[in-house]
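When a ligand or atom number is given, it counts from 1 through the structure's own listing order.
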Amino acid sequence: MSKEPLASQSSSHRDRRILITGGAGFIGSNFVHHWCKRYPNDRVVVLDALTYAGNLNNLAALQNQPQFRFVQGNICDAVLVQNLLQEEAIDTVAHFAAESHVDRSILNPGSFIQTNVVGTFTLLEAFRHHWQTDVAQVGRDRYRFLHVSTDEVYGSLAPEDPAFCETTPYAPNSPYSASKAGSDHLARAYFHTYGMPTLITNCSNNYGPYHFPEKLIPLMCINILLGKPLPVYGDGQNVRDWLYVGDHCSALDRVIHAGQPGETYNIGGNNEVKNIELVRLICQVMDERGPDLPVSPAENLITFVQDRPGHDRRYAINASKIQRELGWMPQVTVEQGLRHTIEWYLHNRDWWQPLLSEDYQRYYQQVYAAPEGLSQEYVVQR
Ligand code: NAD
Ligand code: TYD
């Protein structure tokens, strides 16, 4: 799918020893698969706490591969992280571990501060000690610390505003985006203060296989398969810029191999779509591809619900810097990516069915029923 210069990338690659935090989550696990396939001689160590969003089934295919190791643990555990960096002689960190869902951050912001801010700080500190100890012996060039972040740190755009670029001022609006903004500033400060080779990426909304069914696209796919309402927040006119997860992984690969330490790169899919249009497209593809849907046409399930508090109106990424400097461009249109993703959810019921646990149901009751929740009532407007 990717048109990036594969030959030059693999020829410039030297064997790495990479620690991937959050590698059992959605993007992290896609990235682990990408990396293991592309660089089979690398040592790949995943550190993941296996919160509700972490799933070892995402990595099942790799469990017996000798170059791969999974460690269950918390990025806030400084001793564990330090020991792991040393014991595995890690030279590259790809940091994905985070609390990642805006709605959950509205209900429970504390865990976002803990993991996203304190956890990132703990990792940066451990890596600094590890890097400073080793740097005299093996040289600076060997090390990289990639901090994976979000475009949500830039706040909300009006319809006529230009897309976010790397110099757009930070203006986070949710506890989630504020916690990611804090961690971005720390990663940046470690480069400026200590010269540590950190790289930051800010990307738009991802979608694809292994996406936990609390985010818009997998939630809609699964609710259609179960014949449940499709809750669209507010008027459905909010815009997101959709990035296929495979495109995101190839961009991160480029940044690790060719990015300048201390730099930030925005990564986007060039796919701005209004939520309601996206949901209608999912319904249309599901009607075509999903035989025996409980409700057909699936659009009959669309239900407008009370808006998310502080709901950002529009995100859009200007990805010209990574295109110009690193030769990366997204390859997948939202229509192609959605078709692929929908097929995946149709054929992987065994993956998502067990995720609809009691905890999951309890979470949804909170979102839709609690007085301080996001949506107190359904307003059906078909
Ligand atoms: P996810 O919620 O699917 O996965 C997060 C993973 O981190 C899980 O496996 C979880 O178990 C693990 N984790 C959580 N807290 C941990 C802790 N304290 N210690 C160790 N592991 C912990 O998230 P995702 O969607 O894959 O996002 C990955 C990264 O990309 C995050 O940093 C997120 O902010 C960023 N991002 C995501 C999107 C998106 O659209 N999903 C967009 C932009 C940026
Ligand atoms: P989401 O997948 O939660 O990502 P983010 O909030 O990080 O952008 O939501 C994407 C968009 O879809 C966002 O505008 C909120 C909206 N949305 C709904 O309308 N209904 C839903 O059930 C969910 C989860 C999201």
Scan for ring pair (Phe, Tyr, Trp, His ring centres under 6.0 Å) pairs involving residues 155-174, sequence neighbours excluded, and state none if there are none. Y154-F164, Y154-Y170, Y170-H185
Could you list the atoms of ligand 2 found under 4.0 angstrom from a heavy atom of [X]?
| X | answer |
| --- | --- |
| H101 | 3 (O) |
| V232 | 19 (O) |
| P231 | 18 (C), 19 (O), 20 (N), 21 (C), 22 (O) |

Side chains of [X] and [Y]: do they bring a donor and an acceptor to under 3.5 Å?
| X | Y | value |
| --- | --- | --- |
| H257 | D253 | yes |
| S100 | K180 | no |
| N202 | D151 | no |

Ring centers of W352, F212 separated by less than 6.0 Å: no
Before signing off on this row, confirm whether N205 and ligand 2 have an N or O atom pair separated by under 3.5 Å. yes
Less than 3.5 Å between some nitrogen or oxygen of Y233 and one of ligand 2, yes or no? yes
Exactly one of Y194, W131, F127 should register a ring pair (Phe, Tyr, Trp, His ring centres under 6.0 Å) with F145. Which one does? F127
Check L219 against ligand 2 and report side chain, backbone, both or neither, counting heavy atoms closer than 4.0 Å. side chain
At under 4.0 Å between heavy atoms, is it the side chain or the backbone of N275 that contacts ligand 2, or both, or neither? side chain
Excluding sequence neighbours, so at least two apart, what forms salt bridge (charged side-chain N to carboxylate O under 4.0 Å, His left out) with R313? D235
Between ligand 1 and the protein, give all atom pairs where both partners are nitrogen or oxygen and the distance is under 3.5 Å, as lines of names plus distance to 0.1 Å.
{"residue": "ligand 1", "atom": "2 (O)", "partner": "S100", "partner atom": "OG", "Å": "2.6"}
{"residue": "ligand 1", "atom": "3 (O)", "partner": "F26", "partner atom": "N", "Å": "3.0"}
{"residue": "ligand 1", "atom": "9 (O)", "partner": "G25", "partner atom": "N", "Å": "2.9"}
{"residue": "ligand 1", "atom": "9 (O)", "partner": "D48", "partner atom": "OD1", "Å": "3.2"}
{"residue": "ligand 1", "atom": "9 (O)", "partner": "D48", "partner atom": "OD2", "Å": "2.6"}
{"residue": "ligand 1", "atom": "11 (O)", "partner": "D48", "partner atom": "OD1", "Å": "2.6"}
{"residue": "ligand 1", "atom": "11 (O)", "partner": "L50", "partner atom": "N", "Å": "3.4"}
{"residue": "ligand 1", "atom": "11 (O)", "partner": "T51", "partner atom": "N", "Å": "3.0"}
{"residue": "ligand 1", "atom": "11 (O)", "partner": "T51", "partner atom": "OG1", "Å": "3.1"}
{"residue": "ligand 1", "atom": "18 (N)", "partner": "N74", "partner atom": "OD1", "Å": "2.9"}
{"residue": "ligand 1", "atom": "18 (N)", "partner": "T115", "partner atom": "OG1", "Å": "3.0"}
{"residue": "ligand 1", "atom": "19 (N)", "partner": "I75", "partner atom": "N", "Å": "3.0"}
{"residue": "ligand 1", "atom": "21 (N)", "partner": "A49", "partner atom": "N", "Å": "3.0"}
{"residue": "ligand 1", "atom": "23 (O)", "partner": "S100", "partner atom": "OG", "Å": "3.3"}
{"residue": "ligand 1", "atom": "26 (O)", "partner": "F26", "partner atom": "N", "Å": "3.3"}
{"residue": "ligand 1", "atom": "26 (O)", "partner": "I27", "partner atom": "N", "Å": "2.7"}
{"residue": "ligand 1", "atom": "32 (O)", "partner": "F96", "partner atom": "O", "Å": "3.0"}
{"residue": "ligand 1", "atom": "32 (O)", "partner": "K180", "partner atom": "NZ", "Å": "2.7"}
{"residue": "ligand 1", "atom": "34 (O)", "partner": "Y176", "partner atom": "OH", "Å": "2.7"}
{"residue": "ligand 1", "atom": "34 (O)", "partner": "K180", "partner atom": "NZ", "Å": "3.1"}
{"residue": "ligand 1", "atom": "40 (O)", "partner": "N206", "partner atom": "N", "Å": "2.8"}

Hey, does the Lys NZ or Arg CZ of R104 hover above the aromatic six-ring of Y363, less than 6.0 Å from the centre and inside 45° of the axis? yes
Which of the listed options, E152, M220, H311, holds the heavy atom that is closest to atom 5 (P) of ligand 2? E152
On a heavy-atom basis, I'd like to know which of R240, R308, E214 is closest to atom 3 (O) of ligand 2. R308
So with a 6.0 Å cut-off around CZ of R188, is the heavy-atom count from everything else above 12? no
Pairs under 3.5 angstrom only: tabulate donor-acceptor contacts from the side chains of residues 320-327 to other protein residues two or more places apart or in another chain.
{"residue": "S320", "atom": "OG", "partner": "N318", "partner atom": "OD1", "Å": "2.7"}
{"residue": "K321", "atom": "NZ", "partner": "E263", "partner atom": "OE1", "Å": "2.5"}
{"residue": "K321", "atom": "NZ", "partner": "T264", "partner atom": "O", "Å": "2.8"}

